[in-house]
Amino acid sequence: MTFRFTLEATEGMARAGVFHTPHGPILTPVFAPVGTQATVKAVAPRDLRDLGASLILANTYHLHLRPGDALIRDLGGLHAFMGWDGPILTDSGGFQVFSLADLSEIDGDGVTFRDHLDGSLHRFTPEVAIQIQHNLGSDIIMAFDQCPVPDDRAMVRAAVERTHRWLARCAEEHARSGDPGRQALFGIVQGGIFMELREESARFVTGLDLPGYAIGGLSVGESKADTYDTLTQTVPLLPADKPRYLMGVGSPEDLVESVARGVDFLDCVLPTRVARNGAALTRAGRINMRNLQYADDPRPLEEGCTCYTCTHFSRAYVRHLVKASEILGHQLLSIHNLHLLLTIMREMRAAILDGTFADYASAFLAGYQPVGSQKGARRNPLPVG
RNA sequence: GGGUCGGUGUCCCGAGCGGCAAAGGGGGCGGACUGUAAAUCCGCUGGCAGAAGCCUUCGCAGGUUCGAGUCCUGCCCGGCCCA
């Protein structure tokens with residue numbers, strides 16, 4: 001079967017495995033760089049390959065509006081269109097219900113978006129979101145969900161119920177007009193920070209036999225403690241023999257904290273977005289390359305890093321590029337930041353296979369200073385080790 | 001030599017035409033960014049207090065006025081035109 005998930009090893013809640021797709025295997029845990037508009041901004045597919053990326057994410061909403069999913073289908077599908085022959089996951093547009101809340105109106109049947117490009121109206125329903133993803137031809141397609149503000153109980157409850165109704169329609173549409181052997185539909189568990197809603201959602205979503213399950217609606221404004229607590233309690237509600245995908249999460253410390261809690265897939269815009277805004281991620285924390293202190297710093301972004309940026313350029317040079325708004329600055333920082341996250345994922349996978357993940361995770365977190373945190377700030381205990 | 005336009009916040013451009021510590025840019029400095037409306041967004045950018053205050057700023061020197069970056073006189077510097 002195409003979308004077979006094989007567990008290779010576990011340590012505590014952490015898992016290492018393989019998810020098979022028509023465009024090759026995904027070794028998990030895995031981090032997926034985000035390429036919303038069929039491009040990981042500032043990074044060519046060749047570079048993604050060199051960085052060891054296996055799975056990348058693209059977006060249904062954006063590609064439907066431009067250039068159009070029918071066009072992409074006619075040009076041979078998303079893989080051919082964007083020159084990426086590895087696995088692709090497409091988000092359904094559900095997140096845009098949240099991020100474009102001012103431009104969208106939701107009802108029981110679907111969502112009407114005011115196109116952020118030209119103001120025209122577009123109707124998204126579960127069926128439409130699935131059909132678009134069929135046209136795109138991505139390996140993993142996501143159910144059309146509603147991602148609510150996480151701490152408003154009434155809103156979250158309504159979103160959970162709507163998400164469930166929509167999931168059933170997505171599954172039906174995929175069975176009717178899609179090819180489950182070519183594209184895997186993942187369902188999404190919602191519920192905000194409310195455990196009884198997460199439980200209810202997990203029960204419903206896992207009640208459908210799907211090749212993978214996602215946790216949505218986290219890192220959308222709630223505290224880190226709430227994120228981790230919710231994750232700790234939600235992951236065990238998902239079946240062990242299917243991949244678990246935590247949507248939209250991906251600071252370095254989040255990767256470690258999430259894998260420690262049993263997450264297999266993650267994606268996040270953070271490494272590439274902060275790169276374009278001048279920040280480098282390191283194992284010690286995030287540094288802002290615009291800062292004056294790096295103006296004459298001959299060191300690489302991160303000592304010991306083996307990425308193209310760090311093996312060829314100084315902090316002083318990268319800072320210069322950033323200050324001068326040179327495109328290469330975005331490219332070099334994006335490459336470095338993705339390299340770090342992808343390397344961390346590989347290291348975690350190796351540690352799980354070796355049975356040394358607990359040590360790896362605690363060592364990593366001990367050396368990492370999260371943004372905005374005070375030195376010595378308390379941290380949630382890791383549920384491993 | 002004559003005419004004319006102009007010199008603005010100790011980085012630059014620049015609004016201002018009697019109530020101004022003085023618009024707006026750029027640049028500089030700092031912060032934010034988590035299923036991407038993001039190469040975006042938000043602060044600060046004369047000094048001291050740092051709330052309500054005080055002090056020093058608009059080429060230089062005088063003058064008019066309750067009050068001058070703004071009006072008048074002279075000078076210095078720059079652009080253009082005429083000689």
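Predicted model, so just to flag it, every value in this text is computed and none were measured. Letters go in sequence order (proteins before strands), and every chain restarts at 1.
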Look at the side chain of [X] and the base of [N], then say whether one donor and one acceptor between them are separated by less than 3.5 Å.
{"X": "A/Arg273", "N": "B/rA38", "result": "yes"}
{"X": "A/Thr272", "N": "B/rU36", "result": "yes"}
{"X": "A/Arg290", "N": "B/rG28", "result": "no"}

Length of the line joining [X]:[atom1] and [N]:[atom2], which is rounded to integer Å:
{"X": "A/Leu341", "N": "B/rG35", "atom1": "CG", "atom2": "P", "result": "12 Å"}
{"X": "A/Gln293", "N": "B/rG28", "atom1": "CD", "atom2": "P", "result": "17 Å"}
{"X": "A/Asn59", "N": "B/rA37", "atom1": "CG", "atom2": "P", "result": "7 Å"}
{"X": "A/Met289", "N": "B/rA39", "atom1": "CE", "atom2": "C1'", "result": "16 Å"}
{"X": "A/Leu292", "N": "B/rC29", "atom1": "CG", "atom2": "P", "result": "6 Å"}
{"X": "A/His62", "N": "B/rU36", "atom1": "NE2", "atom2": "P", "result": "6 Å"}
{"X": "A/Phe95", "N": "B/rG35", "atom1": "CZ", "atom2": "C1'", "result": "6 Å"}
{"X": "A/Arg319", "N": "B/rG27", "atom1": "CZ", "atom2": "P", "result": "13 Å"}

| task | Over 60° means perpendicular and under 30° means parallel, so classify the ring planes of A/Phe364 and A/Tyr368, tilted if in between. | result |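 Plane angle under 30°, so parallel.
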| field | Upstream residue (5' side of RNA chain B) when A/Gly250 and A/Ile327 are each assigned their closest nucleotide | value |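 The 5'-side residue here is A/Gly250.
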| task | Using heavy atoms to find the nearest nucleotide of RNA chain B for A/Met142 and A/Asn288 separately, return the residue whose nucleotide is more 5′. | result |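 Going by which nucleotide is closer to the 5' end, it is A/Asn288.
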Whom does [N] pair with, Watson-Crick or G-U wobble, provided both distances fall under 3.5 Å?
{"N": "B/rA52", "value": "none"}
{"N": "B/rU4", "value": "B/rG79"}
{"N": "B/rU40", "value": "B/rA32"}
{"N": "B/rC71", "value": "B/rG63"}

Look at all strands and tell whether [X] reaches a base, only sugar-phosphate, or nothing, counting heavy atoms closer than 4.0 Å.
{"X": "A/Glu326", "result": "nothing"}
{"X": "A/Gln190", "result": "base"}
{"X": "A/Ser251", "result": "base"}
{"X": "A/Lys41", "result": "base"}
{"X": "A/Leu117", "result": "nothing"}
{"X": "A/Arg114", "result": "nothing"}
{"X": "A/Leu57", "result": "sugar-phosphate"}
{"X": "A/Gly217", "result": "base"}
{"X": "A/Asp267", "result": "sugar-phosphate"}
{"X": "A/Leu89", "result": "nothing"}

Using the [atom1] atoms only, state how far [M] lies from [N], rounded to an integer number of Å.
{"N": "B/rA68", "M": "B/rG19", "atom1": "C1'", "answer": "10 Å"}
{"N": "B/rA22", "M": "B/rU56", "atom1": "P", "answer": "16 Å"}
{"N": "B/rC42", "M": "B/rA38", "atom1": "P", "answer": "15 Å"}
{"N": "B/rU10", "M": "B/rG3", "atom1": "C1'", "answer": "33 Å"}

| Of the nucleotides B/rA37, B/rA39, B/rG31, which has the atom closest to the A/Asn291 side chain? |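 Of the candidates, B/rG31 comes closest.
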